[in-house]
Amino acid sequence: MEKQDVIIIGAGPAGMTAAIYASRAGLSTLLLEESAPGGKLLKTSEISNWPGLIKEEGADLAGNMRKHATAFGAEYRYGKVVQMQDGYFKTVFLENGESLKSRAVIAASGTRERLLQIPGEKENIGQGVSYCAVCDGAFYRDAEVAVIGGGNSALEEAVYLTRFARKVTILMRREGFRAQQTIIDAAKRNPRIQILTKVIPTEILDNGEHVTGIRVKKSETGQEFLLKVQGIFPYIGSDPATGFLKGLDVLDEKGYLITGENMETKIKLLYGAGDVRKKLLRQVVTAVSDGAVAAQDAFHKIKGAY
Ligand code: NAP
């Protein structure tokens, strides 16, 4: 079995940057991704906080990063990682039964969107329930849709959806936002956006083929009402994709990877980078920084410079 210097799990901004730094440093590098390259960038309509680019489509930035990630010799391939085992060479087990070995592993596997966990949600995924406005927004031309959540993702994607939808109702379970002020302002001044606060979605309704509405409960009075919408976009946060690291005692109580300043966990040469890491600010700029630091640290340790 061919052994790599570094296996990077996840081709979002953190993983792709780690691939650039590791391969440029001369490490044999394998970048694994279970979906399409780009991570959360692919589900982001517009990036306006990447220095040097005032406005960029998430998918375009992802495409450029993907080309860059393999420009210096890193190998990119599909692979869903289900388990990792520590050792002088770490072993990465894939869902298809294959196992791969490397000295260092950089977990850059990001997060997965949370589900509302209400009746009618799972049954209607792809039939009116979507977790990706960029992917599905155009299906809702002149329609009425609901976005659930009051964070950056919910507000940004609600604004994006007004390119297509006639009306976008944001449903928030409390009054306070969790988003940056510029995004809050953009949502508030958009005439196609209505914001309802202190409401909790309880059920998604359909006609057997497509979503027809969402039942919502007012948290103060308990009173329920029905909002007629054809599309529902939950943006209620996400959880770390770290199932393959369970049992290694490197996760916090929420499942995020605990690392030091060099991105290394308490297991030597096992790193975390990007949103998967316990950190203060989850942004593209902080993700790429993590990826660079992790790859550089791995380089020094593998080549014996430390
Ligand atoms: P988030 O910041 O965790 O916000 C989640 C929102 O959903 C909150 O308003 C939360 O309400 C609500 N919520 C949670 N569970 C709910 C439920 N069961 N029912 C109804 N509402 C529920 O998640 P996010 O917006 O996906 O952002 C994730 C991270 O990425 C954040 O760190 C964010 O800053 C970052 N991000 C940044 C940008 C940017 O900088 N442009 C863009 C996107 C994401 P409560 O407030 O009541 O908990």
Side-chain angles (χ1 to χ4, degrees), residues 10 12-14 38-51 53-59 61-62 108-122 129-135 146-161 168-188 193 195-204 214-220 224 227 229 232-241 252 254-257 273-290:
K40 204 157 177 257
L41 271 181
L42 287 181
K43 295 185 173 183
T44 306
S45 47
E46 203 175 270
I47 304 288
S48 52
N49 49 8
W50 178 255
L53 295 171
I54 291 168
K55 237 184 205 187
E56 179 75 336
E57 303 235 338
L61 188 54
S109 41
T111 58
R112 289 206 182 90
E113 55 272 307
R114 251 178 234 148
L115 302 193
L116 289 165
Q117 317 267 23
I118 57 173
E121 181 183 30
K122 279 197 180 148
V129 175
S130 167
Y131 305 86
C132 180
V134 183
C135 321
V147 169
I148 296 134
N152 279 320
S153 300
L155 300 195
E156 282 183 358
E157 301 315 315
V159 171
Y160 174 76
L161 282 165
V168 178
T169 302
I170 298 177
L171 301 172
M172 289 170 52
R173 65 179 175 184
R174 60 186 183 97
E175 227 157 5
F177 295 96
R178 265 185 207 267
Q180 288 157 5
Q181 196 57 45
T182 49
I183 301 167
I184 298 172
D185 293 343
K188 279 187 171 170
I193 292 182
I195 302 176
L196 302 181
T197 61
K198 298 188 193 168
V199 289
I200 297 159
T202 55
E203 186 181 2
I204 290 171
I214 182 162
R215 202 183 296 285
V216 180
K217 187 167 81 177
K218 291 187 184 174
S219 56
E220 280 178 334
E224 288 207 331
L227 190 71
V229 288
I232 293 169
F233 292 83
Y235 279 104
I236 61 166
S238 43
D239 295 306
D252 74 358
K254 291 182 180 160
Y256 289 98
L257 261 169
D275 284 3
V276 76
R277 203 165 72 79
K278 180 178 181 175
K279 64 194 299 194
L280 283 176
L281 185 63
R282 294 196 170 84
Q283 301 273 306
V284 185
V285 288
T286 62
V288 301
S289 164
D290 290 358

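For this chain, numbers begin at 1 and follow the sequence in order. Indexing begins at 1, ligand by ligand and atom by atom, following the structure's order.
- Of the heavy atoms in Met172, none comes closer than 4.0 Å to ligand 1.
- With respect to the salt-bridge test (charged N to carboxylate O, under 4.0 angstrom), the residues Glu157 and Lys43 do not qualify.
- In this structure, Asp290 and Lys279 have side chains that are in contact, with non-hydrogen atoms separated by less than 4.5 Å.
- For atom 20 (C) of ligand 1, the choice among Ile170, Ile200, Ile148, Thr286 with the nearest heavy atom turns out to be Ile148.
- Not a single N or O atom of Arg114, backbone or side chain, sits closer than 3.5 Å to an N or O atom of ligand 1.
- When non-hydrogen atoms are compared, ligand 1 lies under 4.0 Å from the side chain of Asn49 (C-beta onward) but not from its backbone.
- Contact check for Asn152 versus Gln180: side-chain heavy atoms found under the 4.5 Å cut-off.
- The heavy atom nearest to atom 32 (O) of ligand 1, out of those in Arg282, Glu46, Glu156, Gln117, is found in Arg282.
- Taking each of Gly237, Ala154, Ser238 in turn, the one with a heavy atom nearest to atom 23 (O) of ligand 1 proves to be Gly237.
- The heavy-atom pair separating Ile170 from Gly149 by the smallest distance is CG2-O, 3.4 Å.
- Of all the heavy atoms of Phe177, none lies under 4.0 Å from any atom of ligand 1, so neither backbone nor side chain is involved.
- When only non-hydrogen protein atoms are considered, atom 12 (C) of ligand 1 lies nearest to Gly149 CA, 4.1 Å.
- Distances from atom 9 (O) of ligand 1 to the heavy atoms of Gly150, Ser45, Pro234 show the closest one on Gly150.
- Atom 28 (C) of ligand 1 has its closest protein heavy atom at Lys40 NZ, 4.4 Å.
- The backbone N or O of Ser238 lies less than 3.5 Å from no partner atom in the side chain of Thr111, so there is not a single donor-acceptor pair.
- From the protein, the heavy atom lying nearest to atom 37 (C) of ligand 1 is Gln283 NE2, 3.3 Å.
- When the heavy atoms of Ile118, Asn152, Leu155, Val285 are ranked by distance to atom 33 (C) of ligand 1, first place goes to Asn152.
- Regarding atom 2 (O) of ligand 1, its nearest protein heavy-atom neighbour is Arg178 CD, 3.8 Å.
- With a 4.5 Å cut-off on side-chain heavy atoms, Phe177 and Leu155 count as touching.
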Side chain to side chain contact (heavy atoms under 4.5 Å, CB included) for Glu113 and Tyr235? Distances and angles first, verdict last. CA-CA 7 Å; Glu113 55 272 307; Tyr235 279 104; over 6 Å; no
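- Remark: Asp239 engages Arg114 in a salt bridge, criterion side-chain N to carboxylate O under 4.0 Å.
- At the shortest separation from atom 7 (O) of ligand 1 among protein heavy atoms lies Ile236 CA, 3.2 Å.
- Of the protein's non-hydrogen atoms, the one nearest atom 17 (C) of ligand 1 is Arg173 NH1, 3.6 Å.
- Note that CG of Leu116 is 5.5 Å distant from CD1 of Ile204, once rounded to the nearest 0.5 Å.
- Annotation: side chain of Val147 is not in contact with side chain of Leu171 (no heavy-atom distance under 4.5 Å).
- Counting only non-hydrogen atoms, the option in Glu113, Glu157, Arg174 that gets closest to atom 45 (P) of ligand 1 is Arg174.
- The ligand atoms of ligand 1 that sit less than 4.0 angstrom from a heavy atom of Tyr235 are 6 (C), 7 (O).
- Scanning the protein for heavy atoms near atom 43 (C) of ligand 1, the closest one is Ser153 OG, 3.3 Å.
- Taking the centre and axis of the six-membered ring of Tyr256, the NZ or CZ atom of Arg282 falls inside the cone set by 45° and 6.0 Å.
- The pair Glu220-Lys198 meets the salt-bridge criterion, since a charged nitrogen lies less than 4.0 angstrom from a carboxylate oxygen.
- The contact set between ligand 1 and Gln180, taken as ligand atoms under 4.0 Å from a residue heavy atom, comprises 40 (O).
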